[in-house]
Q: 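A single structure is presented below for examination.
Read the numbers this way: they start at 1 and go in the same order the structure lists the ligands and their atoms.
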Amino acid sequence: MNRKNIVSVLFAVLLIILVGCEDKDLPVTGAMSEESPAVKVEPITTDIIDGQGGKMGTATFTQLAKGVQVDVKVSGLKPGMHGIHIHETGKCEKPDFKSAGSHFNPTMKEHGYDNPNGEHAGDLANLVAGPNGTAEVQFVVTTVTLNKGVPHSLLKEGGTSLVIHAEADDMHTNPAGNSGDRIGCAVIK
Ligand SMILES: [Cu+2]
Ligand SMILES: [Zn+2]
């Protein structure tokens with residue numbers, strides 16, 4: 001064998017080793033992600049009710065590897081921005097939804113993404129309704145989970161709730177960004 005051939009053979013052997021290793025590693029990776037509780041949690045879909053108790057839309061919560069995806073479909077809103085948050089109690093008593101309590105805040109922070117001491121785990125970006133008063137929006141909230149038994153779980157004892165407000169959230173004023181009345185509410189349980 002000349003030198004060039006030896007190099008070729010060595011390269012081929014190296015390739016086989018590398019590919020062989022990869023084959024061995026793949027099932028292990030798969031097994032690990034299967035065991036992760038984040039993958040097993042079923043999505044939750046819940047009705048959003050208005051101050052009269054009528055259905056104004058739905059919210060779906062889906063566990064991701066790093067947080068919870070929230071899909072909101074809602075109608076009957078004033079066009080423009082509305083504060084929307086996860087509140088600490090899973091109770092939506094019309095007409096004012098005060099029963100939902102304060103913003104979900106297991107880490108004891110202040111309100112808003114534009115607050116140096118923020119943000120509440122339950123804070124979301126503003127919901128924007130179109131000219132016809134409907135909104136179909138997706139948020140990813142990395143500060144919460146659907147996995148039970150941890151402080152930032154949306155499925156803690158008593159549950160939590162998703163609340164839509166009449167006005168825009170300014171993202172810094174405590175306790176709720178000056179977002180006004182609670183006009184929509186969905187129980188997360
Ligand atoms: Cu709120
Ligand atoms: Zn807040």
Q: Listing by chain and number, which protein N, O or S atoms are under 2.8 Å from the Zn ion (ligand 2)?
A: His103 ND1, His111 ND1, His120 ND1, Asp123 OD1
Q: At what distance, to the nearest 0.5 angstrom, does OG1 of Thr160 lie from CG of Leu154?
A: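 That separation rounds to 4.5 Å.
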Q: For His111, run the side-chain hydrogen bond (donor to acceptor under 3.5 Å, both in side chains) check against Asp170, Asp123, Asn174 and tell me which one passes.
A: Asp123
Q: Below the 2.8 Å mark, what number of protein N, O or S atoms do you get around the Cu ion (ligand 1)?
A: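 Atoms of protein N, O or S type lying less than 2.8 Å from the Cu ion (ligand 1) total 3.
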Q: With a 4.5 Å cut-off on side-chain heavy-atom distances among I, L, V, M, F, W and Y, is there a chain of contacts connecting Val187 to Ile183?
A: no
Q: Can you name the side chain to side chain donor-acceptor pair (under 3.5 Å) partners of Lys78, sequence neighbours left out?
A: Glu167
Q: Picking from Asn147, Thr142, Thr143, what satisfies side-chain hydrogen bond (donor to acceptor under 3.5 Å, both in side chains) with Thr145?
A: Asn147
Q: Tell me every residue that passes side chain to side chain donor-acceptor pair (under 3.5 Å) with Glu93, counting only those two or more places apart in sequence or in another chain.
A: none
Q: Do Phe61 and Val144 make a side-chain contact, defined as non-hydrogen atoms from C-beta onward lying under 4.5 Å apart?
A: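 No, side chains not in contact.
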Q: For the pair His103 and His85, name the ring-plane relationship: parallel under 30°, tilted 30 to 60°, perpendicular over 60°.
A: tilted
Q: Nearest 0.5 angstrom please: His165 NE2 to Ser179 OG, how far?
A: 4.0 Å
